There are 2 protein chains.
Amino acid sequence: MTSIKTVAQRAQVSIATVSRVLNGTKYVSPDIKQRVLEAVEALNYHPNAPARNLRRQRTQSIGVLIPQLNDLFFSDLAYVLEKSLFAAGYTPLFCSTENDEEKEMMSVDNFINHRVDGVILIPSVPGSKSVNSVERLLERQIPIVLVDRAMPEFQVNQVIINNQQGGYSAADYLLRLGHRHIGVVDAIGEPARYIGEPGYERTSGVQQAMLAHGVLFDNRLVIMDRLGKMEMGYHGALRLLRQSSHVTAIFALTDAIAVGVLRAASELGLHVPRDLSVIGFDDMVLASHVTPRLTTVAQPIENIGQTATRLLLGQIQASSAPPETVILETKLVIRESTAPPR
Amino acid sequence: MTSIKTVAQRAQVSIATVSRVLNGTKYVSPDIKQRVLEAVEALNYHPNAPARNLRRQRTQSIGVLIPQLNDLFFSDLAYVLEKSLFAAGYTPLFCSTENDEEKEMMSVDNFINHRVDGVILIPSVPGSKSVNSVERLLERQIPIVLVDRAMPEFQVNQVIINNQQGGYSAADYLLRLGHRHIGVVDAIGEPARYIGEPGYERTSGVQQAMLAHGVLFDNRLVIMDRLGKMEMGYHGALRLLRQSSHVTAIFALTDAIAVGVLRAASELGLHVPRDLSVIGFDDMVLASHVTPRLTTVAQPIENIGQTATRLLLGQIQASSAPPETVILETKLVIRESTAPPR
DNA sequence: TTATCTCAGGAAAACGTTTACCCAAAACTC
DNA sequence: GAGTTTTGGGTAAACGTTTTCCTGAGATAA
C-alpha cells in the first residue's frame with residue numbers, strides 16, 4: 001500500500017513536507033504544495049490512521065456504549081450521536097451492551113485498547129452495573145459523558161432530561177382531565193429502582209402529581225416486568241386492566257410500551273381514549289403514526305445528542321473543563337389517546 | 001500510559017516475551033509466563049491497538065455503511081451485525097450514509113484510512129450512488145459484502161432475500177382471499193426503480209402473482225414518494241384510497257409504511273381488515289404489536305446478519321475464497337390485518 | 001565424549017506517521 | 001556590507017507493537 005514515502009519520492013520532497021502539506025501544520029511554498037497534492041492524487045494516497053494515531057497519541061474516535069442498538073429510543077440516540085460526532089470529525093465505535101455486564105466490560109477494554117479519545121455511556125438499565133465501566137474509564141482519565149440516566153455518585157459530564165417533571169406533567173394532565181385511577185406500566189426487571197434511572201424518576205413524578213391533586217397513589221397499579229418493551233406493555237396492561245378494572249388511564253413509561261398497552265386495550269374491547277386514556281414517553285416518530293395517535297412526553301433527543309458530544313469534545317480539547325450536568329426539559333404533546341374519563 | 005516495555009521490565013523479561021505471552025504465539029515456560037501475567041495485572045496494562053494494528057497490517061475492524069441507524073429495519077440489522085462481529089472478535093465502525101453521497105464517500109475514505117479489514121455495505125436506496133463506494137473499495141482490494149440490495153454488476157459477496165418471492169407470496173395470499181384491487185405503497189423517491197432494489201423486486205413479485213391469477217395490474221395503484229417511511233405510508237395510503245375507492249387491499253413495502261397505512265385507514269373510517277386488508281414486509285417486532293396485528297412477509301434478519309459476517313470474514317481469512325451470493329427466503333406471517341373482501 | 005539438533009528467549013528491525021531539531025539561504029537591520 | 005533574524009524544508013527520533021533472526025544452553029545421537 002502506498003505510503004507517505006512513495007508520495008515524497010514522487011513529489012521530490014521529504015516525507016516531512018508531505019506531512020506538513022497534508023496537515024497544514026507549517027507553511028509550504030505554493031509550487032511544492034502543488035507537487036505534493038498532485039502526487040497524492042496520482043497515487044490515490046490515503047494516510048495510515050493507525051500510524052498517525054500511534055504517533056499523535058490520540059485517535060479522533062469515541063466509544064459509545066448503548067444498551068441496545070435496535071431499541072426504538074436508543075437507535076434514535078445512536079443516530080443523532082453518530083451524526084454529530086461525524087460532523088465534528090470523530091469516528092464513533094458503537095457497542096450494544098445488551099445488559100450484559102461481561103460484554104460491557106469487554107467493550108470498555110476494547111475502547112481502552114483502541115485509545116479512544118472519550119466515551120459516551122448510556123448506562124445499562126437496570127441496575128448499577130455500569131459503575132465498573134465508569135470507574136475503569138475514570139481511572140485512566142478518559143473523558144466521559146453519561147447520557148439518559150444520571151449517576152450522581154460520579155463527577156462526570158452528564159446529559160439527562162427532567163424525567164420527574166416529565167412524569168409529573170403527564171400525570172398532571174391526566175388528573176386535570178378528571179382521571180383518578182392511573183396505572184403505570186414499565187418494562188424493567190428489578191422491583192428496586194435506582195435514583196437517577198429514568199423509569200424511577202418518571203414514576204416518582206407521577207406520584208408527586210397525584211399528591212398535589214390529593215389523589216392516593218396505589219402501588220399495586222404499578223406494573224413492571226422484564227420483557228421486550230412492546231411485549232411488556234401488552235402483558236403489563238392486560239394484567240393491570242384485569243386486576244384493576246377501575247383504572248381509566250395508563251401512563252406507559254415509554255412509547256414502545258404504550259404501543260403494547262394500546263394492543264391490550266383493543267384486545268379487551270376498550271376503546272382508546274373513550275374507555276381508557278394512554279400516555280407515552282419519548283415522542284418517537286412512531287408515536288404520531290400509531291392509531292390512535294399517542295399523547296406523549298417528548299424528549300429533545302437531537303439536543304441530547306448534540307449536548308453530549310459538545311460536553312465530551314469540550315473536555316477532550318480542554319481537559320481543564322470541569323464536568324457539567326445538563327438537564328433538558330421535556331414537553332407534553334397532546335394527541336388523540338387521552339380524554340376525560342366517562 | 002504503561003507500555004509493553006514497562007511490563008517487560010517489571011517481569012524481568014524482554015518485550016518479545018511479553019508479546020508472546022499475550023498473543024500465545026510461541027511457547028513460553030510456565031514460570032516466566034506467570035511473571036508476565038502478574039506484571040500485566042499489576043500494571044493494568046492494555047496493549048496499544050494502533051501500534052499493534054500498524055505492525056500487523058490489519059485492524060480487526062469492519063466498516064459498516066448503513067442508510068440510517070434509526071430506521072426500524074436498518075437498526076435491527078445494525079444490531080445483529082454488531083452482535084455477530086463482536087462475537088467474532090471484530091470491532092464495527094458504523095456510519096449512517098443518510099442518502100448523502102458525499103457523506104458516504106467520506107466514510108469510505110475514513111474506512112480506508114483506518115485500514116478496516118473489510119466492509120459491510122447496505123447500499124443506499126434509492127439510486128446507484130453506492131457504485132462509487134464499491135468501486136473504490138474493490139480498487140483497494142478490500143473485502144466487501146453487500147447486504148439487502150443486490151448489485152448484480154459487481155462480483156462481490158452479497159446477502160439478500162428473495163424479495164420477488166416475498167412480494168409474490170403476499171399478493172398471492174391476498175388474491176386467494178379474493179381481492180382483485182390491490183394497491184402498493186412505497187416510500188421511495190425516484191419513479192425509476194433499479195433492478196435489485198428491494199422495493200422494485202417486491203413490486204415485481206406482486207405483478208407476477210397478479211398475472212398468475214389473471215388479474216390486471218394497474219400501475220396507478222402504485223404510490224411512491226420520498227418521505228419518512230411511516231409518514232409516507234400515511235399520505236400514500238390517503239392518496240391511494242381517495243383516488244381509487246375500489247381498492248380492498250394494500251401491500252405496504254415495509255412494516256413501517258404499513259403502520260402509516262393503518263392510520264390512514266382509520267382516519268378514513270375504514271376498518272382493517274373488514275374494509276381494507278393491509279399486509280406489510282419485514283416482520284419487525286412492531287408488526288405483532290400494532291393494532292390490528294400485522295400480516296407481513298418476514299425477513300430472516302438474524303440469519304442475514306450472520307451470513308453477511310460469515311462471508312466477509314471468510315474472504316478476509318482466506319482471500320482466495322470466491323465471492324458468494326446468498327439468497328435467503330422470506331416467510332408469510334398471517335395475523336389480523338388481512339381478510340377476504342366484503 | 002563430541003557433534004548435531006532443538007528450543008526458549010533476547011536484540012533489533014520493521015510498520016507509517018508526526019514533530020523536534022537543524023541548517024542553509026534569504027531577508028532584514030543598521 | 002557585515003551581522004542578525006527569519007524561514008522553508010530536510011534529517012532523524014520517536015510512538016508501541018510484532019516478528020525475524022540470532023544465540024547459547026540443554027537434549028539427543030553416535
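None of the values given here were measured: they were computed from a predicted structure.
For DNA chain D, none of the residues of residues 26-36 of chain B falls under the heavy-atom distance limit of 4.0 Å. Contacts between residues 1-20 of chain A and DNA chain C, counted as heavy-atom distances below 4.0 Å, involve Ser3(A), Ile4(A), Ile15(A), Ala16(A), Ser19(A), Arg20(A). Across residues 54-62 of chain A, Leu54(A), Arg55(A), Gln57(A) each have a non-hydrogen atom less than 4.0 Å from an atom of DNA chain D (numbered order).
Ion pairing between a basic and an acidic side chain is recognised when a charged N comes within 4.0 Å of a carboxylate O; Arg136(A) and Glu104(A) show no such pairing.
Here the side chain of Asn157(B) pairs a donor or acceptor atom with the backbone of Glu324(B) at under 3.5 angstrom. Although no hydrogens or angles enter the test, the distance criterion places a donor-acceptor pair under 3.5 Å between the side chain of Lys103(B) and the main chain of Ser96(B). Distance alone, capped at 3.5 Å, is enough to place a donor-acceptor pair between the Gln158(B) side chain and the Met151(B) backbone.
Inspection of the Tyr90(B) and Glu82(B) side chains reveals no N or O donor paired with an N or O acceptor under 3.5 Å. Using modelled atom types and a 3.5 Å distance limit, the side chains of Asp71(A) and Ser75(A) yield no donor-acceptor pair. Side-chain polar atoms of Asn23(A) and Arg56(A) form a donor-acceptor pair below 3.5 angstrom. Counted by atom type alone, Ser14(A) and Thr17(A) present one or more donor-acceptor pairs between their side chains at under 3.5 Å. Glu139(B) and Asn44(A) are linked by a side-chain donor-acceptor pair at a separation below 3.5 angstrom, with hydrogens and angles left out of the test. A side-chain donor-acceptor contact under 3.5 Å links Glu98(A) and Tyr79(B). Side-chain atoms of Asn110(A) and Thr91(B) form a donor-acceptor pair, as typed in the model, at a separation below 3.5 Å.
The local environment of CE in Met106(B) is sparse, with at most 12 non-hydrogen atoms from other residues, nucleotides or ligands closer than 6.0 Å.
Among the protein residues, Asn23(A) comes within range of the sugar-phosphate backbone only, with heavy atoms under 4.0 Å from sugar or phosphate atoms but none that close to a base. Using a 4.0 Å heavy-atom cutoff across all strands shown, Pro47(B) reaches sugar-phosphate atoms only and no base atom.
Axis orientation changes by 30° from one end of the helix from dT1(C)-dA30(D) to dC30(C)-dG1(D) to the other, with each end axis drawn from 5 pairs and the value rounded to 10°.
Chain A approaches DNA chain D within less than 4.0 angstrom (heavy atoms of the protein), and the contacting nucleotides run 5' to 3' from dG8(D) to dG16(D).
For the side-chain contact (heavy atoms from CB on, under 4.5 Å) test, residues two or more places apart in sequence or in another chain that qualify with Gln34(B) are Glu38(B).
A side chain to side chain contact (heavy atoms under 4.5 Å, CB included) with Asp117(B) is found for one member of Asn53(B), Ile142(B), Leu313(B), Ile316(B) and no other, namely Ile316(B). The only member of Leu311(B), Ile120(B), Leu312(B), Ile66(B) that meets side chain to side chain contact (heavy atoms under 4.5 Å, CB included) when paired with Val147(B) is Ile120(B).
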